[in-house]
Number of protein chains: 2
Amino acid sequence: MTSESTPTGASRSAISLSPMEVPKASDVLANELRERILSGDYVEGTPLPPERELVVQTRMSRTTVREALRILEVQGLVRIKAGRAGGAFVTTPGGESVADSIALLIRGRQIRLSSLHQTREALEPFCARLAATNRTAHDLQVLDEANEAIATKGTLEEFLQANVDWHVGVAAAGHNEILYGMMIGLSKAIYTLTNNEGFVDDEVRSIALKAHRSVTDAIRKQDGDAAVRRMERHVHGYAEAAARADDRTSISLDQDA
Amino acid sequence: MTSESTPTGASRSAISLSPMEVPKASDVLANELRERILSGDYVEGTPLPPERELVVQTRMSRTTVREALRILEVQGLVRIKAGRAGGAFVTTPGGESVADSIALLIRGRQIRLSSLHQTREALEPFCARLAATNRTAHDLQVLDEANEAIATKGTLEEFLQANVDWHVGVAAAGHNEILYGMMIGLSKAIYTLTNNEGFVDDEVRSIALKAHRSVTDAIRKQDGDAAVRRMERHVHGYAEAAARADDRTSISLDQDA
DNA sequence: ATGGTAACTTAGGTCAGACCGTTAGACCAT
DNA sequence: ATGGTCTAACGGTCTGACCTAAGTTACCAT
């Protein structure tokens, strides 16, 4: 039966299916919970039922329930506490998860430092313009404090931290959460990558401080165009200095070899 | 023994400890594996040992091992296949994880569409400039194909997909993986959010098509400045149109209420 | 009354062992 | 060649137990 001829020869039947996905139980639970959380029905801090309660409700095993919760935890949707009155609490995802994934992307793909600086050149001037428009008094205070920390000659780590604080502060002053998350990720990556390079000397520090102050000034005066211009110069200059230092490193490495 | 006087009264001993963190076993394993993967020792596709083998090696339970693997899977560092010859395979994290976290950020924080478009205004002109510099023949082909797909009057979904393809194509032509990853995230988010809004009519389509062609042209001619200028106009115009549509929606919603 | 502490309770964290479902590969029958 | 069958090697799920962290409560000594 059904022994028809196959005209084209390629396939005997006209029907064809694409690869199908069979979701895992833990994914199903995770998706369900994620949708409920993202729908906004639960306020930040709302506790999910205890694991054993979820087991009863879903009729899944505790293993499965726990994997689902773990997924949500990694995605930054819940925070899990142990002990009595512990459990999974709803969290509003912040910039950290974006930052983490960007950091993974950068490390995992062995991305060149130049790409990082290039990306900063795209984001930071724009952030500066937003900051000039939207900055609050508190934002300005954060920027000033970061600059003061830079002025205080400290260790390399302290300088780098203060540097990051200022740049992230500019992004925060722009009050755009997406850009803010992106800048956190970039900064974190640049911080770790620059920690090894040794091109940060006193000159670099004082140049950075001067640049930061001039940008901060423009932001304070709500002069968007000036903020963009100065930030562009600063970031571009920093990128070129880093590139030159990188060249030197490569060269001396070559000489070593 | 050691019953000294305690002058300050605050503490009997000089040793003092800060709050300590007791990491979970699964996190320890996950961190260890993540470091090994990110160090680049394993090529894409390298299989990790089977779960039961990891149990033997680490002397942890299978539950713990599985949770660690699940963490890495969510972070996009491994891909887990079931069945014989299955297991966890090393994956180079791509833009998808960035895209996912951005999408979560946007949905979770109820971020306004305007923030999204604002972010595009920061990224896309810069991507266009990079594209003008770095585009290959293949990149241009992708852009042309996306434009053709837009020219073909299709369903709303087809239009949106082609639209996304073109914008992502520009980012790809810039050959900066970070910006590329960010654009994928933004595009995915914008895609889903625009799917509901009903402001895409024939006029919007033809305007977008024209703008895309002019930007593509500048990229083809490697005219960076023109690419930036035209992309700025396009994105800004689109953002304003979307904002107007959003206003209309809000107003009609108010009238409904 | 006050302060400490022991016991209890509720929650997540870990473990051991079993069984199920899926898949690749080998082998055989048609 | 096509399709069936068996087997081994995987991850996926389940059960049930115990450990550990952290609030609550009751009790006891001062």
Side-chain angles (χ1 to χ4, degrees), chain A residues 1-6 8-13 15-33 45-74 77-91, chain B residues 9 12 17-33 45-74 77-91:
Chain A
M1 33 303 222
T2 71
S3 54
E4 311 299 311
S5 64
T6 57
T8 62
S11 70
R12 294 183 310 184
S13 172
I15 80 170
S16 94
L17 297 173
S18 26
M20 302 177 66
E21 297 167 16
V22 180
K24 286 176 290 190
S26 47
D27 283 333
V28 172
L29 216 200
N31 291 337
E32 169 75 20
L33 291 174
T46 305
L48 265 52
E51 293 179 357
R52 290 168 174 88
E53 174 63 24
L54 286 175
V55 167
V56 175
Q57 291 183 13
T58 64
R59 295 183 193 171
M60 291 167 168
S61 74
R62 211 177 141 207
T63 318
T64 304
V65 168
R66 280 179 58 78
E67 284 204 0
L69 291 177
R70 184 51 53 92
I71 291 173
L72 298 180
E73 189 188 26
V74 175
L77 291 170
V78 301
R79 182 175 32 93
I80 297 180
K81 282 197 309 187
R84 182 169 178 166
F89 297 86
V90 173
T91 323
Chain B
R12 294 182 313 183
L17 297 173
S18 25
M20 301 178 65
E21 297 167 16
V22 181
K24 285 177 292 189
S26 47
D27 283 333
V28 172
L29 215 199
N31 290 338
E32 168 75 20
L33 291 174
T46 305
L48 265 55
E51 293 179 357
R52 290 166 174 88
E53 174 63 25
L54 286 175
V55 167
V56 175
Q57 291 184 13
T58 63
R59 296 184 192 174
M60 292 167 167
S61 74
R62 215 178 138 205
T63 316
T64 305
V65 169
R66 280 179 59 77
E67 284 203 359
L69 291 178
R70 181 53 53 95
I71 291 173
L72 297 181
E73 189 190 25
V74 175
L77 291 170
V78 300
R79 181 175 32 95
I80 297 180
K81 280 198 308 185
R84 182 172 178 166
F89 298 85
V90 172
T91 327

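A, B, ... follow the sequence lines: proteins, then strands. Residue 1 opens every chain.
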Next item on the list: Look at the side-chain N and O atoms of A:R66 and state whether any lies under 4.0 Å from the OP1 or OP2 oxygen of C:dG12.
Entry: no
Margin query: Output the rounded distance in Å from CD (B:E51) to P (C:dG21).
Written below: 18 Å
Notebook entry, point to check: To the side chain of A:A25, which of D:dG12, D:dT13, C:dG12 is closest?
Noted result: D:dT13
Margin query: Using a heavy-atom cut-off of 4.0 Å across all strands, would you classify B:L69 as base, sugar-phosphate, or nothing?
Written below: nothing
Checklist line | Ion pair check, A:E67 and A:R70, cut-off under 4.0 Å | finding: no
Margin query: Expressed as a whole number of angstroms, how long is the span from A:E53:CD to C:dT10:P?
Written below: 13 Å
Margin query: Could you measure the distance from the CG atom of A:L33 to the CG atom of A:L69? Nearest 0.5 Å is fine.
Written below: 6.5 Å
Note to self: On the side chain of B:R62, is there an atom forming a donor-acceptor pair with the base of D:dG12 - under 3.5 Å, no angle test?
What the structure shows: yes
Check: Hey, does the side chain of B:T64 come within less than 4.0 Å of C:dC15's phosphate (OP1/OP2), counting only N and O?
Finding: yes
Check: Should the heavy atoms of other residues, nucleotides or ligands under 6.0 Å from CD of A:E21 be counted, would the total exceed 12?
Finding: no
Notebook entry, point to check: Between D:dG12, C:dG13, C:dC15, which nucleotide gets closest to the side-chain atoms of B:M60?
Noted result: C:dC15
Item checked: Residue met sooner reading DNA chain D from 5', once A:D27 and B:A85 are mapped to nucleotides -> B:A85
Note to self: From C-beta outward on B:R84, which listed nucleotide comes closest to its side chain: D:dC14, C:dT23, C:dT10?
What the structure shows: C:dT23
Note to self: Nearest heavy atom decides the nucleotide; on that basis, is A:V22 or B:V55 closer to the 5' end of DNA chain C?
What the structure shows: B:V55
Next item on the list: Compare side-chain N and O positions of B:S26 against OP1 and OP2 of C:dT14 and report whether any pair is under 4.0 Å apart.
Entry: yes
Item checked: Whole angstrom value for the distance that separates P of C:dT22 from CD of A:E21 -> 15 Å
Item checked: B:S61 side-chain N/O to C:dC15 phosphate OP1/OP2 under 4.0 Å -> yes
Notebook entry, point to check: Which whole-number value in Å describes the distance from B:R52 CZ to D:dG12 P?
Noted result: 10 Å
Next item on the list: Let me know the distance between CZ of A:R59 and C1' of D:dT13, rounded to the nearest Å.
Entry: 17 Å
Item checked: Distance test, side-chain N/O of B:T63 to OP1/OP2 of C:dA16, below 4.0 Å -> no
Next item on the list: Measure the spacing between CG of B:L48 and CD of B:E53 and express it to the nearest 0.5 Å.
Entry: 11.0 Å
Checklist line | For atom CG of B:L54 and atom P of C:dC15, their distance in whole Å | finding: 13 Å
Item checked: Interatomic spacing from OG1 in A:T64 to CG in A:L29 - rounded to 0.5 Å -> 8.0 Å
Next item on the list: Rounded to the nearest angstrom, tell me the gap between atom CZ in A:R70 and atom P in C:dT14.
Entry: 7 Å
Margin query: From NZ of A:K24 over to P of D:dC10, roughly how many Å is that when rounded to an integer?
Written below: 17 Å
